[in-house]
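Index from 1, following the sequence.
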Amino acid sequence: LVKGRCPCIKVRHASECDCTICTFIIINLVLWHRARQLWRRGAEGDGECECEVCSGPLCELYWSCTSSLGALESALLPCGKVEVEPYKLPGAARPFRAYRRECASGRCAMRNPEFFRPTAPESNPSQRVCGWNGLFRRPCPRELVPDASFKWWVWEAMLRAKAKEEGKEDFLSPELVPHIGFRPDFMAEFSRKWSIYIEHIWEVRMCRQGLLLLEHFKPPKVVSFYSDFAAQVESRRNATATCAAKEHFNCYVSVAGFNPTEKPVMKKGRQVGTARHQTVIVAFAFFDSAYKADARSLNIINEDFENILLHGEALYGEWFLDRRRLPGGLVRGDLPADMQLTDMEGAQPLCDEFYLVFNIHDGAPTQFANRTHHYMTAIWRVRTGRNRVDIKLVTMHGKGVYDGYGKLPKSVADLLGRQCIFYEPGTRGFVLALADKHPTPASCKTSISGYWKADQILYGYVDTSIFTRSRVPDAVGFAGSSKVHMAAGMCRDQDKALRDGPLLVRDHFCACAPCRQLNFRDCLMKGVFGDHMREQNCRVQQSSVLPSQSSTLAEFASTLSADQIVALRVADDEMSIEGPVWFALLNGVAEVLEKDVVFAGQTFEKGWHVVRGHWFSFRGWVTGSDTDRRYVQLADNTMFNVNSMIRVGGVKFTSPFRRFRKAGAGLKREWLMNEEVYRLVLESA
């Protein structure tokens, strides 16, 4: 028996990222079926049951339907599965069949009084109504003994303690825990959860089949990206002291597949069939762990990756391919002399021209910033020249090819530690080590079959200063944006796209032939998924800094008022003090000088626009943070030349806060400015 056992049959161990809907049904169904057989045999001594279920023709079906998930689905959905012709996969052994959405969502057509008759389940089984109550009406009294206890498993929010001395708060996290209650309570809860499960699993199956169709019919000029944020990678050094702090790096994994072809499968020198292959490039983008992964970093890295595929050069980050650094990028450093890394001579595109991008991911990458992410989808065509269809997988079923590749950086980090290989500290040092020690996939593409087997690997370092609102702005969004699983941005009007963010959205992803070609009007699955909706995902206009360099000097001077914060350019010989931009608080409105004025040793000429105010002095960053800059308002009153100001509006500090100085010094007020606001001002300067 042990030798004949299938390798997939294993003892269940502790797991992670479980679906709360599916695990409740799968685990408790086994317990319930085992217990209800004992309940039935234990009550046989009391005589034959006269209830509606046990005395009818559905008695055996009632007591045996819980033997497996498949048996329970077949019993409670008597309308059965139907062939879904638009989702038929060519060459499959059997056609794709699925339950009707109405039956899975509790809206079975047999509930209509025109079709439903009370005697239908006995006279004609095909007229049974889908659902527990529609099929069996009410449970057997043996299962509803009010004072009989039963133990089952439930998901509960359990307390997770944090270190109080570090100022961290306790929080709750869902966990599967045992629960003891009464049989009627379990029956009611299981029936309620089953209604949720059957609709949920229907969505999962339709999504999986849709992805198969998407890949099977993918044309040459279409690229599909499977992307997700992997777990933070922990550094491994050759030797560290006791209780030494380890480095952590944020890792974003994106797998691009394009140019699918049919290749022969050879066995013992002869062809035994064909297999579908495609070109696969895996990109690992790393950035500092102090920056929380969000929709902004996701879209910037995606745009960088697409530009590398199409043009062979980076827009933002520092990227490496086969130990060669790609041209381009905003932040670049020197290459170490003790590594085999070199600069690539000229841009070398990795992919032919493509016009459509399918961006497939689970809900985690956007980190609940769906509005910002949808806005980027809406403007993707006018920004990059390519249409983007954003596909979000079903909740709690977002595992994909990126999860397998996400383990590679951790494995290489462990290898570097075991081989005592030293690399520079910081995120960039780790990326350089990866690019030098693991530049290509471990095995050759031709030696291992697999549709998603990697051909090449890209490693990139992206400085967090690039993740700014000017590149990925915030958006207002629309009602129900978090429930959208398909969004397409195809607007060609640049002004309209940037202003309104028009989108075609749907609650379900469809992969029928017209939808794969972006012809959503002729969708073949409207009766199943419903029609597409047009929504607007407008950009937020009240952002922290709004560039307005086009305004004239007089117009800008007229907008100045008391208690307004402004940014000023600094002379070259003063940049070493606090940088190229200083900030000031105004005391009033601007005025035009009628004669020359000398103030604090500086001459202001007749006709200049001037305003009085106070300087802010930069005092460094907040302890433990790289994103908050500290400023102190100086007491001396001074005069500013409006022409030296950077013409931006809405420059604001995050918040004032008080902190203790030395004994007897009292309290001193300081102001915080987010590093991103400062970067936006620098860009406007």
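- Counting only heavy atoms from C-beta outward, the side chains of P473 and Y375 approach each other to under 4.5 Å.
- Less than 6.0 angstrom separates the ring centroid of F430 from the ring centroid of F249.
- In this structure, a donor-acceptor pair under 3.5 Å is present between the side chains of R388 and T377.
- Salt bridge D463/R428: absent, no basic N to carboxylate O contact under 4.0 Å.
- Within the structure, ring-ring contact (aromatic ring centres under 6.0 Å, His included) pairs that include any residue of residues 302-328 comprise F225-F305 (at least two apart or interchain).
- For P86, the side-chain contact (heavy atoms from CB on, under 4.5 Å) test picks out V84, C512, L524, M525, with sequence neighbours left out.
- K410 has no carboxylate O lying under 4.0 Å from a charged side-chain N of E234, or vice versa, which leaves the two without a salt bridge.
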Decide salt bridge (Lys or Arg N to Asp or Glu O under 4.0 Å) for R499 and D495; before the verdict, give the C-alpha distance in whole Å, the side-chain angles of both, and the deciding distance to 0.1 Å.
CA-CA 6 Å; R499 181 183 67 250; D495 294 336; over 6 Å; no

Checking side chain to side chain donor-acceptor pair (under 3.5 Å) for the pair N359/Y226: CA distance, chi angles, key distance, verdict?
CA-CA 6 Å; N359 188 23; Y226 284 77; over 6 Å; no

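- Listed by chain and number, the residues in a ring pair (Phe, Tyr, Trp, His ring centres under 6.0 Å) with F529 are H508 (sequence neighbours excluded).
- Side-chain contact between R629 and F583: absent, with no pair of heavy atoms (C-beta onward) separated by less than 4.5 Å.
- Residue pairs meeting the ring-ring contact (aromatic ring centres under 6.0 Å, His included) criterion with at least one partner in residues 457-499, sequence neighbours excluded, are F284-Y459, F287-F467, Y291-F467, H374-F478.
- Legend: residues meeting side-chain contact (heavy atoms from CB on, under 4.5 Å) with P174, ordered by chain and number and at least two apart, are W155.
- Between K392 and V484, the closest side-chain pair of non-hydrogen atoms is not below 4.5 Å.
- For A347, the side-chain contact (heavy atoms from CB on, under 4.5 Å) test picks out E313, P327, with sequence neighbours left out.
- Side-chain atoms of S254 never come within 3.5 Å of backbone atoms of S227 as a donor-acceptor pair (strictly under, hydrogens ignored).
- The side-chain contact (heavy atoms from CB on, under 4.5 Å) check on L356 picks up V222, F358, N387, V389, L518, with sequence neighbours excluded.
- In the model, D288 has a side-chain atom that pairs as donor or acceptor with a side-chain atom of T427 under 3.5 Å.
- Heavy atoms of other residues, nucleotides or ligands lying less than 6.0 angstrom from CZ of R521 number 12 at most.
- With sequence neighbours excluded, the residues satisfying salt bridge (Lys or Arg N to Asp or Glu O under 4.0 Å) with R205 are E73.
- Residues forming a ring pair (Phe, Tyr, Trp, His ring centres under 6.0 Å) with H532 (at least two apart in sequence, or on another chain): F520.
- Taking a 6.0 Å sphere around CD of E262, one finds it holds more than 12 heavy atoms contributed by other residues, nucleotides or ligands.
- Using a 4.0 Å cut-off between charged side-chain N and carboxylate O, R383 and E303 make a salt bridge.
- Residues D343 and R332 are paired through a salt bridge, judged by an N-O separation under 4.0 Å between the basic side chain and the carboxylate.
- The pair E353-K221 fails the salt-bridge criterion, with no side-chain N (NZ, NE, NH1 or NH2) lying under 4.0 Å from an Asp/Glu carboxylate O.
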Can you give the donor-acceptor pairs under 3.5 Å from side chains of residues 210-218 to other protein atoms, not counting sequence neighbours?
{"unit_1": "E215", "atom_1": "OE1", "unit_2": "K218", "atom_2": "NZ", "d": "2.9"}
{"unit_1": "E215", "atom_1": "OE1", "unit_2": "Y451", "atom_2": "OH", "d": "3.0"}
{"unit_1": "E215", "atom_1": "OE2", "unit_2": "S224", "atom_2": "OG", "d": "3.0"}
{"unit_1": "K218", "atom_1": "NZ", "unit_2": "S224", "atom_2": "OG", "d": "2.9"}
{"unit_1": "K218", "atom_1": "NZ", "unit_2": "G257", "atom_2": "O", "d": "3.0"}
{"unit_1": "K218", "atom_1": "NZ", "unit_2": "Q278", "atom_2": "OE1", "d": "2.8"}

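- Residues in residues 388-411 take part in these ring-ring contact (aromatic ring centres under 6.0 Å, His included) pairs, two or more places apart or across chains: H200-H397.
- For the pair D474 and R469, the salt-bridge criterion is met [side-chain N within less than 4.0 Å of a carboxylate O].
- Counting only residues at least two apart or in different chains, salt bridge (charged side-chain N to carboxylate O under 4.0 Å, His left out) contacts with residues 500-509 are absent.
- Counting heavy atoms from C-beta outward, R539 and V476 have side chains that stay 4.5 Å or more apart.
- There is a side-chain donor-acceptor pair under 3.5 Å between D522 and N519.
- The side-chain heavy atoms of H438 and I457, taken from C-beta on, include a pair separated by under 4.5 Å.
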